[in-house]
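Sequence lines set the chain letters: A, B, ... in the order given, protein chains first and strands last, and positions in each chain run from 1. Model, not experiment: these values are computed from the prediction.
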Protein chains: 2
Amino acid sequence: MSDPEYGQRTETLQRPTPAAARDAVATGIERDALVTVYGRCTVDYDGRATSFLEEGDRHVMLKPDGASLVHTDEGQQPVNWQPPGCDHEAFCEDGALVLESLRSTPDERLRVRFQEVLQVSAFAGTDESELALIGTEEDLRQRLLEEPDLLESGFTPLATERDTPAGAVDIYGEDAAGQAVVVELKRRRVGPDAVGQLRRYVDALERDLHAEATVRGILVAPSVTDRASRLLTEHGLEFVSLEPPAE
Amino acid sequence: MSDPEYGQRTETLQRPTPAAARDAVATGIERDALVTVYGRCTVDYDGRATSFLEEGDRHVMLKPDGASLVHTDEGQQPVNWQPPGCDHEAFCEDGALVLESLRSTPDERLRVRFQEVLQVSAFAGTDESELALIGTEEDLRQRLLEEPDLLESGFTPLATERDTPAGAVDIYGEDAAGQAVVVELKRRRVGPDAVGQLRRYVDALERDLHAEATVRGILVAPSVTDRASRLLTEHGLEFVSLEPPAE
DNA sequence: CCGTGGATATCGACC
DNA sequence: GGTCGATGTCCACGG
């Protein structure tokens with residue numbers, strides 16, 4: 001497109017007519033912009049579940065990847081939404097702006113009908129940047145491999161991701177006495193599920209090694225729930241409190 | 001406040017100066033409005049984890065309940081966020097607009113620094129409406145309680161949410177032969193996890209009732225994964241295909 | 001493509 | 001406030 005104005009990054013209308021709003025939304029979608037509409041509306045969802053929202057003021061966001069989000073002034077979660085991969089449509093019906101986001105597999109439809117549009121915006125910029133997240137389970141593993149004594153004095157790591165019939169063990173090694181040790185890492189507080197996981201590893205490895213081999217199982221996490229703690233004792237497993245590196 | 005303009009529901013600035021943007025955001029927060037800012041920014045999060053986003057165009061939403069959401073043009077989920085209950089702050093630093101959302105327990109900080117602000121909006125309306133969702137697990141339970149024969153001929157429900165050491169059973173009852181039956185409901189296709197859950201209920205109830213009591217376990221869902229199906233057979237459990245009522 | 005497990009999960013219910 | 005289970009979970013990864 002040769003229109004020099006095409007490069008402009010935002011387009012906003014205040015209190016537009018339904019037709020003007022429809023055009024602005026349609027143009028925004030067309031240009032792969034992020035489109036937002038704020039106003040008084042009802043919301044219909046029909047698909048894996050069914051829902052209906054009475055008239056209220058809400059913020060609707062249509063993303064170029066096909067996602068839609070309907071937000072009220074409360075809560076971290078949208079009150080209604082559609083995942084990426086939908087087709088957005090904007091049209092007027094009985095003199096009102098209607099936004100629809102549709103997809104198949106599964107068949108789902110989100111429909112927002114505006115009694116009043118206070119603002120329509122289209123933002124054409126893009127992100128292009130990746131999130132750098134640290135403090136993960138991988139960081140915790142690095143930390144333990146660098147300083148095995150954090151687990152216990154004399155611990156020697158022998159392998160990471162050692163394979164067992166029950167899956168890959170986070171860290172496999174031996175203690176000061178030369179006994180096999182299975183270490184299961186979790187970056188946050190753990191519940192009974194992690195205990196079950198560790199137990200399966202220990203069982204699988206004992207079967208794998210020798211008939212009468214004993215394998216120690218140690219769960220490493222910042223903390224543990226009460227129920228999980230009891231389960232650990234029950235199954236002769238151990239717990240070491242360690243957090244992923246702070247930075 | 002006696003300002004007649006106070007009642008206006010939206011306030012929007014295009015390409016404001018950092019100071020003007022700060023004032024608009026601060027006023028919006030003050031008035032319990034939903035505030036959005038779009039522009040080129042970096043994002044810092046530090047708390048339960050740590051993350052950093054390089055410069056990019058993003059849409060930031062600050063809610064009056066203390067939630068913040070940072071959206072790019074992709075994905076249903078925000079790339080960064082803060083849950084409700086935070087304090088929002090807006091200020092200028094080195095000539096740039098900075099938004100911060102802070103909370104304690106746990107100590108978390110989200111910080112968005114704008115290199116360029118394309119738009120600031122404050123929306124003062126409120127929602128006040130509740131979501132009506134149908135086609136839930138509860139609907140499925142109602143359906144089964146109204147027509148127990150849907151499960152199998154002669155089934156008699158005796159209790160819902162019957163408590164066991166493993167948690168509350170969806171429906172507890174007895175079959176035509178008077179044998180105890182545990183029913184676990186799922187509104188959608190189930191995997192191995194649901195089988196485990198049902199098994200825990202059955203085990204717990206067998207321990208609860210008598211030493212040699214036998215309890216039947218029936219999983220009710222629209223469909224079941226292959227692996228889960230095998231697990232059911234393995235553990236002597238049963239499956240009945242039923243969907244939540246359509247409307 | 002389906003299935004499985006992780007998440008700064010979120011959210012509600014219950015203790 | 002914690003603890004646990006459910007979610008229209010979403011999401012990445014592996015078979």
Side-chain angles (χ1 to χ4, degrees), chain A residues 45-51 67-70 74-86 101 103 105-110 131 133-138 167-168 185-194 196-197 222-230 244, chain B residues 43-52 67-70 74-86 101 103 105-110 131 133-139 161 163 165-170 184-194 196-197 200-201 222-231 244:
Chain A
Y45 162 77
D46 195 16
R48 286 168 291 179
T50 303
S51 74
S68 11
L69 302 165
V70 182
E74 286 187 340
Q76 176 177 338
Q77 294 303 120
V79 284
N80 229 317
W81 70 93
Q82 202 66 293
C86 295
S101 299
R103 71 162 179 167
T105 62
D107 248 13
E108 288 185 301
R109 191 194 64 188
L110 180 67
L131 181 64
L133 180 63
I134 52 183
T136 62
E137 184 178 303
E138 177 55 27
L185 305 174
K186 293 292 169 193
R187 69 179 308 279
R188 54 181 192 128
R189 183 176 175 84
V190 295
D193 50 337
Q197 197 182 341
S223 70
V224 64
T225 65
D226 196 51
R227 187 180 299 264
S229 176
R230 269 178 277 130
Chain B
V43 185
D44 251 307
Y45 163 76
D46 196 15
R48 288 166 291 177
T50 304
S51 73
F52 179 71
S68 6
L69 302 164
V70 181
E74 288 187 341
Q76 174 177 336
Q77 294 301 122
V79 284
N80 228 316
W81 71 92
Q82 201 67 296
C86 295
S101 298
R103 72 163 179 167
T105 65
D107 248 15
E108 288 185 301
R109 192 195 63 190
L110 179 68
L131 180 64
L133 181 63
I134 52 183
T136 63
E137 184 178 305
E138 176 55 27
D139 296 319
E161 302 291 343
D163 218 36
V169 166
D170 284 333
E184 173 63 22
L185 306 174
K186 293 292 168 191
R187 70 182 306 278
R188 56 182 193 127
R189 183 177 174 82
V190 295
D193 50 337
Q197 198 181 339
R200 287 195 298 278
Y201 291 151
S223 68
V224 64
T225 65
D226 195 52
R227 187 182 300 266
S229 176
R230 270 177 276 131
L231 272 173

For the pair made of CD in A:E74 and C1' in C:dT10, what is the distance, rounded to whole Å? 15 Å
Find the distance A:L69:CG to C:dT10:P and express it as a whole number of Å. 16 Å
Could you say whether B:L110 or B:V224 is positioned toward the 5' end of DNA chain C, judged by the nucleotide with the nearest heavy atom to each? B:V224
By nearest nucleotide on DNA chain D, pick out whichever of B:Q76 and B:K186 is the more 5' one. B:K186
B:D170 side chain to B:L185 main-chain N or O, any donor-acceptor pair under 3.5 Å? yes
Which nucleotide sits closest to the side chain of A:W81: C:dT4, D:dC10, D:dA6? D:dC10
Between atom CG in B:L185 and atom C1' in D:dT7, what is the gap in whole Å? 15 Å
Reading DNA chain D from 5' onward, which residue's closest nucleotide shows up sooner: A:R103 or B:Q77? A:R103
Within the side chain of A:Q82, is there an N or O that forms a donor-acceptor pair under 3.5 Å with the backbone of A:A67? no
Nucleotide of D:dA6, C:dT4, C:dT8 approaching B:R227 most closely (side-chain heavy atoms): C:dT4
Any idea which of C:dT4, C:dT8, D:dA6 is nearest the B:Q197 side chain? D:dA6
How far does the C1' atom of C:dT8 sit from the matching atom of D:dG14, given to the nearest Å? 25 Å
Spacing between B:D170 atom CG and C:dA13 atom P, to the nearest angstrom: 15 Å
I'd like the C1' distance from C:dG5 over to C:dA9, given in whole Å. 13 Å
Closer to the 5' end of DNA chain C via nearest nucleotide, is it B:P84 or B:G191? B:G191
